[in-house]
Colleague: 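This is the structure I have questions about; it appears just below.
Below, chain A is the first sequence line, B the second, and so on; all start at residue 1.
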There are 2 protein chains.
Amino acid sequence: MYDVAERSGVSIATVSRVYRNPGSVRDRTRERVLEAARELGYVPSGNARGLASRTTGVLGLCFPDYADPDAEADAEADSDADDAAMLYSDQIIRGMERAARRHGYALLIAASLEGGPESLVAKVAGRVDGFAVLAQTVPTEDLEVISRRLPVVMLAGPREIDHLDHVVVANADGERELARHLIEDHGLRRLAFVGGDPESPDAEARFRGFRQACGDAGLPVPEAPDLRTAMMTRAEGARAAETLLDRGSERPAAMLFANDQMAVGALRALERRGVRVPEDIAVTGFDGIPLSRIVRPSLTTVRQPIRQLGEQAVELLVQRLADANRPPVSLELPVSPAHRASCGCG
Amino acid sequence: MYDVAERSGVSIATVSRVYRNPGSVRDRTRERVLEAARELGYVPSGNARGLASRTTGVLGLCFPDYADPDAEADAEADSDADDAAMLYSDQIIRGMERAARRHGYALLIAASLEGGPESLVAKVAGRVDGFAVLAQTVPTEDLEVISRRLPVVMLAGPREIDHLDHVVVANADGERELARHLIEDHGLRRLAFVGGDPESPDAEARFRGFRQACGDAGLPVPEAPDLRTAMMTRAEGARAAETLLDRGSERPAAMLFANDQMAVGALRALERRGVRVPEDIAVTGFDGIPLSRIVRPSLTTVRQPIRQLGEQAVELLVQRLADANRPPVSLELPVSPAHRASCGCG
DNA sequence: GACCGCTTTGAAAGCGCATTCACCCTAGAT
DNA sequence: ATCTAGGGTGAATGCGCTTTCAAAGCGGTC
């Protein structure tokens, strides 16, 4: 910048103005400066600017380190876990990017590794005006410290720290409605729920919704899912379906899976076993991934507005940036059931 | 930082060392400092650090502003164009993020709007150690200036500036091999190629490959694609298929589409018209999107290593960061044909 | 007890920009 | 011609950190 100033015969203040507030500089002067900048290959330093102006124009996102990087050797490069997990963070990224762009922000993303002072979280926190965190990504203790200095919004999980803004998806409501639909509209009674890791807030919330629906309908309310899978992948979904089928007693009238991946896997497994869907058994998922619409029979599921999740995160950040003192906001984004072929609709 | 120093009774230099080089500080001192930092909610300023150390630890990506943000009203939120376009940048982002993480970098992403001094590009450029650009995203003139100051790698398109590193996908080779397969292995002769916008380097490169294959086989070499579509969407693919069908003369033995989206649309259209694939006609796509594997018949296509594109971009950046003087590198990533049902294989 | 070699800490000088504040110049008003 | 407003510009200060360079502490040695 000093060079540009010298070359164009002005002071650095004027150069700065040319970039920050072009209107306040006379046309002729501005031209000279820009010309010099071009000749010198001048690129304003975001760091210096940020330091001086105390703002970065960047928002951040920390998401979990889902896929094992070492597993990438996988030639097909689309293992089940990958598909499911990445789609999620990809969509959030996309949503945040869109919204951020609308507000003139860029987006800094990083999958958090370990915590500690040298973590990526710290790097992100130091370089943004505010950021979003996927639940269970960053140690609460770190967040506690960081959130005292800049806006943080917690996504898709328990808020953990109560002065944070946070956004969740109406998991319980969605599953409850889905189960209600099966019970009331299709007259099914024996429902089996396949859950995931008890540590997964999403899967647990969905199970809660399932229980509510059972209660609402006067059916027995299960204590735990009929089955749990560790990874919630297609493969595990297929296995779960077979386990349920082989479990002596009567075959359930419907299998509700805690996510689409598992449900899709189940669909295939059932087809292999000659069990017709939805004639013999209904199947539902959760998430509304693209695949759910394409499989045959198309999968009844609950569409999760993941992109909106990202967009809302940005909106909340922007708002808090505008007013640091407003009370913490907690949003629950509505989900919409998609009744398709696999439950007997469509 | 000054506060932390004061509170823990050391100088700011020591505080800095605690973060930058913990080993060089006595354990007791370090504890005191970290304790104070925790109490004060200290978050190191990335800007100041970047300014002082002249490096950011961040890599960037500029991609085109594909989807029209205003079109988001679209409730289903997955129009054709969206699907295709976003998958592409999403995957690059994912690839870059992974590779960046491996090297300890975070990733700053921004879809470029207009150029000019206040563009997002400028913002990105000023905040990263180096960045990647999707071809035709940033005005060459801007890149010219920026690339004199920091590493830039050009992705998936003509290099434009010859001192840049760049990475492309072997579009021509892929299509050539695909066409060769149809001609030699399946004995088909009347091939029709459906291209896209003449401005699309990818679509054009694929058509070039197609022509080469024709030449190789001694078939007439077409001057232009049999048909072009503007958006290369499913809908347009369907329409293209019908147009080709209705074009009097003899029906082609195979339709080669410049991307999977169009091919999938065509598949549906042909089904509606009662034309069997692959018995009556072979169909191929390009890209290897997930959908291509799921449709029935499964689509013969060419898998594009988009994620690797992103990863390579990061590798090149890292390498150039290590040695600014090495000669510009130009990589062509190999593609792999996926022979599936729609051409008569599998 | 003076001396030596380490390790640990401090002082100070920027890093590149935004931003007052003061100043000068020009143009219109008087 | 003098005065008044602004618009346009420059000088100077500080943003929060890294990084020499020096000084100080600390064990041991001779």
Colleague: With a 4.0 Å cut-off, would you call A:Glu311 and A:Arg98 a salt bridge?
Modeller: no
Colleague: For the pair A:Arg326 and A:Asp323, find out whether any cationic side-chain nitrogen is under 4.0 Å from an anionic carboxylate oxygen.
Modeller: no
Colleague: Can B:Arg28 and B:Glu31 be counted as an ion pair, charged N to O under 4.0 angstrom?
Modeller: no
Colleague: According to the side chain to side chain donor-acceptor pair (under 3.5 Å) rule, which pairs have a member within residues 150-164 of chain A, sequence neighbours left out?
Modeller: A:Thr140-A:Glu160, A:Ser147-A:His163
Colleague: Output the rounded distance in Å from CZ (B:Arg32) to C1' (C:dT8).
Modeller: 12 Å
Colleague: Polar pairs (N or O, both sides) under 3.5 Å between protein and nucleotides 9-13 of chain C?
Modeller:
from, atom 1, to, atom 2, distance (Å)
C:dT9, OP1, B:Thr29, OG1, 2.3
C:dT9, OP2, B:Arg26, N, 3.1
C:dG10, OP2, B:Ser11, N, 2.8
C:dG10, OP2, B:Ser11, OG, 3.2
C:dG10, OP2, B:Thr14, OG1, 2.8
C:dG10, N7, B:Arg17, NH2, 2.8

Colleague: Between B:Asp27 and B:Ser53, which has a closest nucleotide on DNA chain C that is more 5'?
Modeller: B:Asp27
Colleague: Looking at every strand, decide which applies to B:Ser45 at a 4.0 Å heavy-atom threshold: base, sugar-phosphate, or nothing.
Modeller: sugar-phosphate
Colleague: Inspect the contact between A:Arg38 and A:Glu35 and indicate whether a charged nitrogen and a carboxylate oxygen are less than 4.0 angstrom apart.
Modeller: yes
Colleague: Rounded to the nearest angstrom, tell me the gap between atom CG in A:Asn21 and atom C1' in C:dA18.
Modeller: 11 Å
Colleague: Quick one: B:Arg28 CZ to C:dT8 C1', roughly how many Å, whole number?
Modeller: 12 Å
Colleague: Starting at CG of B:Leu321, measure out to OG1 of B:Thr55 and round the result to the nearest 0.5 Å.
Modeller: 8.0 Å
Colleague: Figure out the CZ/C1' separation between B:Arg149 and C:dG16, and round it to whole Å.
Modeller: 12 Å
Colleague: Find the distance B:Lys123:NZ to C:dA18:P and express it as a whole number of Å.
Modeller: 13 Å
Colleague: With distance as the sole criterion, is a donor-acceptor pair present between the side chains of A:Arg54 and B:Asn47 under 3.5 Å?
Modeller: no
Colleague: Can you find a pair of side-chain heavy atoms, one from B:Val153 and one from B:Leu164, that are under 4.5 Å apart?
Modeller: no
Colleague: Any ring pair (Phe, Tyr, Trp, His ring centres under 6.0 Å) pairs touching residues 27-47 of chain A, not counting sequence neighbours?
Modeller: A:Tyr19-A:Tyr42
Colleague: Bend across the helix from C:dG1-D:dC30 to C:dT30-D:dA1, to 10°, with axes taken over 5 pairs at each end?
Modeller: 50°
Colleague: Along DNA chain D, 5' to 3', what are the outermost nucleotides having an atom less than 4.0 Å from a heavy atom of chain B?
Modeller: D:dG16 to D:dT19
Colleague: Is there side-chain contact between B:Leu309 and B:Leu333, with heavy atoms separated by less than 4.5 Å?
Modeller: yes
Colleague: Please state how far atom CG in B:Leu51 lies from atom P in C:dG14, giving the value in whole angstrom units.
Modeller: 14 Å
Colleague: Can you list the residues that meet the salt bridge (Lys or Arg N to Asp or Glu O under 4.0 Å) rule with A:Arg148, with sequence neighbours excluded?
Modeller: none
Colleague: When you match B:Gly50 and A:Ala52 each to their closest nucleotide on DNA chain D, which lands nearer the 5' end?
Modeller: A:Ala52
Colleague: Please report, rounded to the nearest Å, how far the P atom of C:dA18 is from the CG atom of B:Asn47.
Modeller: 12 Å
